[in-house]
Visitor: 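This is the structure, below, for whatever I ask next.
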Amino acid sequence: MMTLEQQFAKITARRVDLHSADELKNRLAKSIAEKKPLRIKMGADPSAPDLHLGHCVALNKLREFQDCGHTVVFIIGDFTGMIGDPSGKSATRPQLSKEKVLENAKSYQDQMFKILDPARTEVHFNSEWFGAMTFDKVIRLSAHVTVAQLLARDDFSKRYAASQPISLVEFLYPLVQAYDSVMVRADVEIGGTDQLFNLLLGREIQKAHGQEPQIVMTMPLLEGLDGVNKMSKSLGNYIAVNDTPKDVFGKTMSVSDDLMWRYFSLVLCLPDEEIAALKAAVASGARHPRDVKDELGRRVVAKFHGEAAGAEASAEFARVFSQNQLPTDIPEVVVPAEKIGILNLMVKAGLAPSTSEARRLVQAGAVKLDEEKVADVRLELEPKDGVVIRSGKRGFAKIKVG
RNA sequence: GGUGGGGUAGCGAAGUGGCCAACCGCAGCAGACUGUAAAUCUGCCCUCUAUGAGUUCGAUGGUUCGAAUCCAUCCCCCACCA
């Protein structure tokens, strides 16, 4: 078993907030003395079952807790998912059916166990306790929090000041999350920095229920592919855990140079010293930034698909984009053996959503047939097996007459 | 319940009877340059059987030669007051 100092160093790496270091040390000491693992809580929203690298930041942290011998208590917010969380923007999320929530939860777990150790993970659904909760209990729970407290939360106060709507449901959400902590007797709760308020509220509510308050730790929010906003599904700037190796690699390569260090740290958990060494190598010209990013891409792919897949994705990428050759696996599109206009062909091949879009692509000079630029939108052709249509840098389709 | 302000393309935001498929910004797509990085420049950015046609400005109905713009009804959103 690791010593207290070793555990503390590993556990607190890369964190942003920690409330508090002393409490954590005390708890770890007690855990070691009593040989009793700590219970590390994290909650998940099952409305969006696609895990991406942003989620991995916290999952990595949980894994590090597990490596120190602790137990992860994962809470799937199926109850809250069925209500429909309107948080964030004004758009109210759709209410999910019970079946859908369960289906999402299943998929969620499959993905998260690519990082977490199932043997040291407890999974709970919060409908276990909220499903049976009566309204008087809800009211009593709300008595522990004041509106002023809730308004202290950054995004609430901003929205309130800007006369933007805040739904009462949103006010209730932090309470729901806090009560989860009570029910699972969490020792520590992890979340993104945007969760700080909710996590801290968990402490208050635990105290109100006679429990020792959980230790709260927040992790940085990983910026997405646009380099500005946090990685999220709704912004479409994400790399999904379930993306193909090719996509993971390609998307990683499109991350800006400045940002790639964050990925080394938060996705791969590379120690700060190693990152500093890499940075120095790039700064001195000893290594080309492209090669460092290639290494990042390979390792990210390897994390989810194995070393071999990483190497392969890297090689394929070099072939297609550096040497400008055709990819090895081009999706085939079956077309009847009759004359067809280039625009309709592209739509059929999935290279454009409409003929109007196809027309624009041709006019922009983005479309090639067997690597020869198509100049005329009215071009008609007899389909022939094996002809490759190319649209831009990423769109490929091979014709199959049938 | 009352008062006021709103609903325009993915988002933000102009437009208040014809010059509107609708200014502009962001996002996105493509081209050039590259390291599929960043930055920059250029073009595009509702659909179609496409130098033309069709369907759009919360919904429906109306006025008009002509409506995103005017009228009526309805639906939805927000703030403040209660």
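A, B, ... follow the sequence lines: proteins, then strands. Residue 1 opens every chain.
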Visitor: Is there a side-chain contact between A/Arg203 and A/Leu200, using heavy atoms and a 4.5 Å cut-off?
Guide: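 Heavy-atom side-chain distance check passes, below 4.5 Å.
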Visitor: Compare all side-chain heavy atoms of A/Val57 with those of A/Leu221 and state whether any distance is below 4.5 angstrom.
Guide: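 The answer is no; the side chains never approach within 4.5 Å.
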Visitor: Under the side chain to side chain donor-acceptor pair (under 3.5 Å) rule, what pairs show up with a residue in residues 342-358 of chain A, not counting sequence neighbours?
Guide: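 Sorted pair list: A/Glu357-A/Arg360.
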Visitor: Report, as a single string ordered 5' to 3', how protein heavy atoms within less than 4.0 Å touch nucleotides 20-32 of chain B: B base, S sugar-phosphate only, - not at all.
Guide: ---------SSS-
Visitor: When the nearest nucleotide of RNA chain B is assigned to A/Ser322 and to A/Arg359 on a heavy-atom basis, which residue is associated with the more 5' position?
Guide: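 Here A/Ser322 is the residue nearer the 5' end.
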Visitor: So what's B/U56 paired with, Watson-Crick or G-U wobble, going by both distances under 3.5 Å?
Guide: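 When the pairing criteria are applied, nothing turns out to pair with B/U56, so the answer is none.
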Visitor: Could you check how far CE of A/Met260 sits from P of B/A38, rounded to whole Å?
Guide: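 Those two atoms, CE and P, are 13 Å apart.
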Visitor: For B/G66 and B/G1, measure between their C1' atoms and round to the nearest Å.
Guide: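 Roughly 42 Å separates the two C1' atoms.
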Visitor: Only one of A/Tyr173, A/Phe79, A/Phe130 clears ring pair (Phe, Tyr, Trp, His ring centres under 6.0 Å) with A/Tyr179; which?
Guide: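 Exactly one candidate clears the test, A/Phe130.
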Visitor: Would you mind reading off the distance between A/Asn229 atom CG and B/G10 atom C1', rounded to a whole angstrom?
Guide: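 Result: 14 Å.
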Visitor: Quantified in whole Å, what is the P atom distance between nucleotide B/A59 and nucleotide B/A9?
Guide: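 Rounded to whole Å, the distance is 10 Å.
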Visitor: Roughly how far apart, to the nearest Å, are B/U34 and B/C41 at atom C1'?
Guide: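 Per the computed distance, 14 Å lies between those C1' atoms.
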Visitor: With C1' as the reference atom in both, quote the distance from B/C57 to B/C20 in angstrom, rounded to an integer.
Guide: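 It works out to 10 Å between them.
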Visitor: In this structure, how many angstroms lie between the C1' atom of B/A38 and the CH2 atom of A/Trp261, rounded?
Guide: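 Atom-to-atom, A/Trp261 to B/A38, this comes out as 14 Å.
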Visitor: With the threshold set at 4.0 Å, does a side-chain nitrogen-carboxylate oxygen contact exist between A/Glu295 and A/Arg298?
Guide: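 Not counted as a salt bridge, because no side-chain N and carboxylate O are separated by less than 4.0 Å.
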Visitor: In terms of heavy-atom contacts, does CZ of A/Arg319 have more than 12 from other residues, nucleotides or ligands at under 6.0 Å?
Guide: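 Atom CZ in A/Arg319 is crowded, with more than 12 foreign heavy atoms closer than 6.0 Å.
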Visitor: Give the ring-plane orientation class for A/Phe65 versus A/His70, where under 30° counts as parallel, over 60° as perpendicular and anything between as tilted.
Guide: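 Rings of A/Phe65 and A/His70: perpendicular, over 60°.
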Visitor: If you look at every strand shown and take non-hydrogen atoms under 4.0 Å, does A/Arg378 touch a base, only sugar-phosphate, or nothing?
Guide: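 No contact.
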Visitor: For A/Lys293 and B/U34, what is the distance between atoms NZ and C1' respectively, to the nearest whole Å?
Guide: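 To the nearest whole Å, that distance equals 11 Å.
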Visitor: When the distance from CD of A/Glu223 to C1' of B/A37 is rounded to whole Å, what number comes out?
Guide: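 Taking atom C1' of B/A37 as the reference, CD of A/Glu223 is at 16 Å.
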Visitor: For nucleotides B/U40 and B/C76, find the distance between their C1' atoms and express it as a whole number of Å.
Guide: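 Rounded to whole Å, the distance is 44 Å.
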Visitor: I'd like to know if A/Asp291 reaches the base of B/G35 with its side chain such that a donor and an acceptor end up less than 3.5 angstrom apart.
Guide: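 There is none.
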Visitor: Using a heavy-atom cut-off of under 4.0 Å over every strand shown, decide if A/Thr355 touches base, sugar-phosphate, or nothing.
Guide: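 Base, at least one base heavy atom under 4.0 Å.
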Visitor: Mind checking A/Val377 for me? I need base, sugar-phosphate or nothing, with any heavy atom below 4.0 Å counting as a touch.
Guide: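 No contact.
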Visitor: Distance between the P atoms of B/G6 and B/A22, in whole angstroms?
Guide: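 Looking at atom P only, B/G6 and B/A22 are 26 Å apart.
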Visitor: Give me the distance, rounded to whole Å, that separates B/A27 from B/C11 when you measure between the C1' atoms they each carry.
Guide: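 To the nearest whole Å, 7 Å.
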Visitor: Give the rounded distance in Å between these two atoms: NZ of A/Lys348 and P of B/U49.
Guide: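 It is 11 Å, rounded to the nearest whole Å.
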Visitor: Could you identify the nucleotide paired to B/A79, looking across every strand shown and requiring Watson-Crick or G-U wobble geometry with both distances under 3.5 Å?
Guide: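 By the stated definition (distances under 3.5 Å), B/U3 pairs with B/A79.
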Visitor: In whole Å, what is the span from the CZ atom of A/Arg262 to the C1' atom of B/A37?
Guide: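 About 18 Å, once rounded to whole Å.
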Visitor: Can you tell me the base-pairing partner of B/U64? Count Watson-Crick or G-U wobble geometry only, both distances below 3.5 Å, and say none if there is no partner.
Guide: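 The base-pairing partner of B/U64, which may sit in any strand shown, does not exist here.
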Visitor: So if I take every side-chain heavy atom of A/Arg290 and compare against B/A38, B/U49, B/G35, which nucleotide ends up nearest?
Guide: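 Closest nucleotide to the A/Arg290 side chain: B/G35.
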Visitor: Would you measure the distance from the P atom in B/G15 across to the matching atom in B/G58 and give it in whole Å?
Guide: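 It works out to 15 Å between them.
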Visitor: Rounded off to whole Å, could you give me the CE-to-C1' distance for the A/Met346 and B/C48 pair?
Guide: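 Taking CE of A/Met346 and C1' of B/C48, I get 16 Å after rounding.
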Visitor: Taking only N and O in the side chain of A/Ser354, is any of them less than 4.0 Å away from OP1 or OP2 of B/U47?
Guide: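 Affirmative; the distance criterion is met.
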Visitor: RNA chain B: A/Pro353 or A/Val255, which has the more 5' nearest nucleotide?
Guide: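 Nearer the 5' end of the strand: A/Val255.
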Visitor: Please identify each residue that fulfils side chain to side chain contact (heavy atoms under 4.5 Å, CB included) with A/Asp258, with sequence neighbours left out.
Guide: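 In terms of side chain to side chain contact (heavy atoms under 4.5 Å, CB included), with neighbours along the sequence ignored, A/Asp258 is linked to A/Ser256.
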Visitor: Does a side-chain N or O from A/Ser356 land closer than 4.0 Å to OP1 or OP2 of B/C48, or not?
Guide: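 It does, given that an N or O in the side chain of A/Ser356 lies less than 4.0 Å from OP1 or OP2 of B/C48.
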Visitor: Before accepting this row, confirm whether a basic side-chain N of the pair A/Glu223/A/Arg262 lies closer than 4.0 Å to the acidic partner's carboxylate O.
Guide: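 Looking at A/Glu223 and A/Arg262, the cut-off is met.
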Visitor: Provide the Watson-Crick or G-U wobble partner of B/C29, both distances under 3.5 Å; none if there is no partner.
Guide: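 Here B/C29 is engaged in a pair, and the nucleotide opposite it is B/G43.
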